2 protein chains.
Amino acid sequence: MAGADDAVFRPVRAGNPFEETVERLLQAIKLGVVGPGERLPAERDLAARLNVSRVTLREAIRALTDSGYVESRRGRYGGTFVNERLPKPRRTSAKQLTRELGAGVDDALVLRSALETGAAEAAAARVLTEAEVEHLRRCLAETSTAKLGDYRRMDSRLHLAIAEVSGSPSLTSATADVRMRLNELLDAIPLLAVNLEHSNDQHDAIVTAILAGDSVAARQAMQEHLSGTAALLRGFLT
Amino acid sequence: MAGADDAVFRPVRAGNPFEETVERLLQAIKLGVVGPGERLPAERDLAARLNVSRVTLREAIRALTDSGYVESRRGRYGGTFVNERLPKPRRTSAKQLTRELGAGVDDALVLRSALETGAAEAAAARVLTEAEVEHLRRCLAETSTAKLGDYRRMDSRLHLAIAEVSGSPSLTSATADVRMRLNELLDAIPLLAVNLEHSNDQHDAIVTAILAGDSVAARQAMQEHLSGTAALLRGFLT
DNA sequence: CGTCAATGGACTGACTGCAGACCAATAGAA
DNA sequence: TTCTATTGGTCTGCAGTCAGTCCATTGACG
């Protein structure tokens with residue numbers, strides 16, 4: 001049994017600042033926070049926000065440049081831009097992923113369920129600003145009309161948008177993190193048009209419930225949506 | 001409005017390894033993972049688990065020694081022990097705490113609700129080992145019979161125990177973290193015997209539901225328990 | 001009564017990440 | 001065309017952290 005010790009005496013940091021920074025930038029790209037062709041914040045700003053030295057940030061950017069995610073241009077109105085064509089995901093076999101992630105999959109799925117159903121519930125209970133409603137609707141629309149290659153990223157962004165309107169930044173961050181942990185796994189699963197359609201319906205139900213202020217329905221809809229994915233993932237890994 | 005940027009471009013690390021380590025040790029003490037008179041893991045082990053050099057860990061321990069939390073003894077069967085009498089919490093006024101924490105209180109409360117209700121639900125849905133049941137029952141009993149000065153710590157430990165039996169280490173860690181964020185605030189609120197009794201009843205309901213495998217009731221009971229505390233906290237800060 | 005294993009305590013040399021200053025390129029504005 | 005603000009690119013010296021090694025102390029056990 002895992003004692004409370006394991007929770008409180010877990011590693012203070014996952015890796016060195018460089019690695020963590022790379023991970024964070026990848027998060028921004030893979031979760032669709034900055035889309036293809038869009039620009040990252042200027043190095044000085046970004047370094048300040050990440051609480052990392054500019055040197056370290058630049059090393060991270062360099063790594064992403066080398067692996068084909070971004071490109072930098074100098075001069076005023078320059079910056080670091082996300083490439084229009086992103087590198088393909090690894091596409092490892094589900095079997096190997098099981099071995100890699102092991103019990104971590106279940107861990108992530110349980111955490112995800114708690115975070116996202118909680119976020120949906122909290123979001124519905126809140127009074128949203130016009131900008132928030134707009135953003136939510138926009139993400140929903142863009143997800144439902146996304147091409148197959150873009151679907152995963154748009155889906156991530158929609159789920160993140162829902163977490164955002166919960167009004168809890170910590171909840172948003174945690175949601176983004178756990179999504180990243182599952183992303184590699186999701187990439188190993190083929191996207192079927194029928195599933196996709198079903199997914200869109202569920203997204204619609206969730207957002208509708210949130211906008212209607214019905215927190216019970218919002219939680220319920222999110223719960224159903226997530227359990228579908230969870231079952232799919234657990235199934236592929238057995 | 002807080003964009004998704006803020007979630008993904010948040011600081012990579014809260015402080016330097018030294019500060020983080022101090023925080024983690026305080027977590028272990030204040031959440032009752034290691035009680036008064038008990039021993040911390042040996043420096044070499046602990047440093048490895050925290051993924052921190054022994055030098056850094058020792059500096060952190062030194063800081064806690066200076067502030068009266070722990071004491072170290074050399075030799076075989078020695079070690080670093082938590083003091084029987086812990087330093088008193090700051091007891092700042094609620095008004096000042098509001099200013100300090102600001103919107104962070106609401107953030108933490110929303111996150112806490114999501115995590116702990118999710119944990120209770122997941123725990124009830126799981127088949128618990130005998131050791132887990134034992135641990136849960138023990139924490140419950142010790143909380144209900146705790147003296148006023150020990151109550152907060154025992155309560156923390158019970159909530160942490162519930163998170164543990166969710167089976168998701170990440171969920172447990174997150175629960176511990178958010179509890180630490182709220183702890184200072186909780187210390188600013190007087191403990192009334194009547195509230196305490198009510199709290200014990202709720203704890204009992206939660207644990208009973210979990211042991212019965214009734215995930216709906218478990219979530220419900222936890223939800224009620226937390227909303228009481230949340231209302232109390234929000235009230236004191238208005 | 002000595003032995004010894006396990007613990008905290010102390011030191012060194014190397015490396016990493018940092019803040020800050022400065023250089024170089026770029027494109028819009030004057 | 002020239003100016004200039006903004007951006008990425010580069011360098012240096014400093015503080016923090018690390019892995020590894022050895023020392024000092026202690027108390028149970030033979």
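Proteins come first, then strands; the chains are lettered A, B, ... in the order of their sequence lines, and each starts at number 1. From a predicted model like this one, the values you see are computed outputs, not experimental measurements. We use all heavy atoms of the structure for the numbers below, so side chains are in, but hydrogens, waters and symmetry mates are not.
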Taking everything shown except B/R54 itself, do over 12 heavy atoms lie less than 6.0 Å from its CZ? yes
The correct set of residues in residues 62-82 of chain B placing a heavy atom under 4.0 Å from DNA chain D is B/R74, B/G75, B/R76, B/Y77
* Would you call A/R58 and A/E43 a side-chain contact if the rule is heavy atoms closer than 4.5 Å? -> yes
key: Heavy-atom side-chain proximity of B/V33 to B/Q27 below 4.5 angstrom   = no
Here the residues of residues 14-21 of chain A within 4.0 Å heavy-atom distance, strictly under, of DNA chain D are none
Cationic tip of A/R24 within the cone over B/F9's six-membered ring, i.e. under 6.0 Å and within 45° of the normal? no
The correct set of residues in residues 49-60 of chain B placing a heavy atom under 4.0 Å from DNA chain C is B/R54, B/V55, B/R58
Worksheet item: Would you say the side chain of B/T80 lies within less than 4.5 Å of the side chain of B/R39, judging by non-hydrogen atoms?
Response: no
Handout entry: Basic-acidic side-chain contact under 4.0 Å: A/R152, A/D155
Key = no
Is A/E38 atom CD crowded by more than 12 heavy atoms from other residues, nucleotides or ligands, each under 6.0 Å away?
yes
Rounded to whole Å, the CD1-P distance (A/I61 to D/dT10) equals 13 Å
Query - Salt-bridge present (A/R10, A/D6; N to O < 4.0 Å) - result: no
Rounded to whole Å, the CZ-C1' distance (A/R44 to C/dA19) equals 13 Å
*Using a 4.5 Å cut-off on heavy atoms from C-beta on, say whether the side chain of A/H203 contacts that of A/H159.*
yes
* **Check: B/S156 and B/N183 side chains under 4.5 Å, non-hydrogen atoms** => yes
In whole angstroms, the gap separating P of C/dT16 from CZ of A/R13 amounts to 14 Å
